[in-house]
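Nothing fancy with the numbering, it's 1 onward along the sequence.
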Amino acid sequence: MSLPRRALVTAAGAFAAALVLTGCGSGATGASADLAPAKGSTAPNGAVVNLSPNQNRVSTPKVDAIAALVPEEIRKRGTLSVVDSLGTTPPLDFYADDDKTVIGVEPDIAELIGDVLGLKVEVNSVSWENIFVGLDSGKYDVGLSNITVTEERKEKYDFATYRLDVLGFETKKGSGLKVTGAKDLAGKTVGVNTGTNQEKLLISWSEENVKNGLKPIDIKYFSGTEFYLALSSGRIDAYVGPNPNLAFHAVQSGETEVVGTYSGAGADVLGKIAATTKKDNGLVKALNSAINEVIKNGTYGQVLKRWGLENEAVQTSEINPLGLPRPKQ
């Protein structure tokens, strides 16, 4: 799928996720039980969501030539240690209706990678910051948790991309607001999670508006899901965050809608989400090849469709592509 580098305006939405090293990702600050899908719920594309621990996940055969790329230590162990955040951000990763099994698009993609590599996937759910602590120490092999490629992170990690990173703007249904750029939010009160690239976007847009003689954006900061109450009460006009969860929430609540999207890496770089591993540990080529295999054989597309995320598909997995730029000094 080809998407423009500038504003990506679609019907899909996004979810606020905590950032480490100036990127985005789904962290514990991003969601709570308030976001848990209802029984018999549907994804934004109308697909019925399986909320049980018995997921009947899409699977794919092992590919020996790709499995041979896995470092010997991991091959001998026979397992792939995957780390994600705390399982509270549907449809990325969240708890099934048994309140303990982590399900979602991230574990599904992890299982596909494990299939191709001939490895049993072990999913470890931790707090957002401990994803990177665990990768740094070698405790975990790979992170799959809505982790954005950034130029700063590339100093410490290798990346194999598997999804687009798109920010969205959620409003109360019927607000009449449409967001394609800075001017649309001039004078508006907009919620955001602090320390995120969406916060940086809002700040830069507000500065742009003032420079152009428009009103600044009144930025309000939230943690967790308090912003939903602020939206419903009219205390904020909109909320901005990374893609899948706002659309998912809008479908669940029936009271909000997503009124625009934008590249998670800003106007000049198309943001990308990637499988993340410790730099130079020898695993990234195997991850990249496995992801390209499931893209080619169609199982990747089946997983995205299952969770309503077809609009975030990548045509090919890349190793360490251009990422979110470093903060200006």
Side-chain angles (χ1 to χ4, degrees), residues 3 7-18 24-27 29-51 87-95 103-106 146 163-180 184-185 188-193 196 198 201-202 220 222-264 271 273 304-313:
L3 290 176
L8 301 165
V9 182
T10 69
F15 178 70
C24 74
S26 60
T29 60
S32 74
D34 298 338
L35 283 172
K39 185 176 182 179
S41 63
T42 58
N45 64 356
V48 176
V49 178
N50 176 4
L51 302 178
T88 54
T89 53
L92 298 176
D93 52 6
F94 62 105
Y95 291 112
I103 63 175
V105 70
E106 306 283 40
N146 203 47
R163 225 179 63 240
L164 297 178
D165 175 23
V166 183
L167 301 181
F169 301 85
E170 187 175 11
T171 69
K172 236 177 141 173
K173 187 171 281 187
S175 70
L177 187 63
K178 298 294 179 185
V179 180
T180 62
D184 301 312
L185 295 179
K188 302 295 184 182
T189 302
V190 183
V192 71
N193 257 2
T196 59
Q198 50 267 29
L201 178 70
L202 283 183
K220 301 295 185 184
F222 296 88
S223 61
T225 56
E226 300 120 352
F227 68 88
Y228 286 132
L229 182 58
L231 267 182
S232 64
S233 66
R235 287 190 290 119
I236 59 175
D237 298 304
Y239 186 86
V240 59
N243 181 16
N245 290 81
L246 291 188
F248 206 82
H249 172 260
V251 170
Q252 300 306 311
S253 73
E255 299 174 356
T256 62
E257 60 184 335
V258 174
V259 296
T261 61
Y262 205 82
S263 169
I273 302 298
L304 293 190
K305 184 176 182 180
R306 183 180 188 217
W307 297 103
L309 299 179
E310 302 99 313
N311 67 313
E312 293 193 359

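Counting heavy atoms from C-beta outward, Val190 and Val192 have side chains that stay 4.5 Å or more apart. Contact of the Asn146 side chain with the Arg163 side chain is registered, since non-hydrogen atoms from C-beta on lie closer than 4.5 Å. For the pair Leu177/Leu185, a side-chain contact is recorded, criterion being any heavy-atom separation below 4.5 Å from C-beta on.
Side chain of Lys172 to main chain of Ser232: a donor-acceptor pair is present (N/O by atom type, distance under 3.5 Å, no hydrogens or angles). Side-chain N or O atoms of Lys173 include one that pairs as donor or acceptor with a backbone N or O of Gly254 at under 3.5 Å.
Residues Leu309 and Pro244 come closest through the heavy atom pair CD2-CB, 3.5 Å. Nearest heavy atoms, Ser175 versus Val259: OG-CG1, 4.4 Å. Thr171 and Asp237 get closest at one heavy-atom pair: CG2-O, 3.4 Å. Scanning all heavy atoms of the two residues, the minimum distance from Pro91 to Trp307 falls at CB-CE3, 3.7 Å.
Between Phe227 and Tyr239, the angle of the ring planes stays under 30°, which puts this pair in the parallel group of the 30/60° scheme.
How far CD1 of Ile236 is from OG1 of Thr189: 8.5 Å, rounded to the nearest 0.5 Å. Within the model, atoms NZ of Lys188 and CG of Leu202 stand 14.0 Å from one another, a figure rounded to the nearest 0.5 Å. In this structure, CZ on Arg306 lies 5.5 Å from CG on Asn50, to the nearest 0.5 angstrom. In this structure, the separation between CG on Leu92 and CD1 on Ile273 is 8.5 Å, given to the nearest 0.5 Å. Here the straight-line distance linking atom CG of Leu51 with atom CZ of Phe94 works out to 5.5 Å at 0.5 Å rounding. Phe169 CZ to Tyr262 OH: the interatomic distance, rounded to the nearest 0.5 Å, is 8.5 Å.
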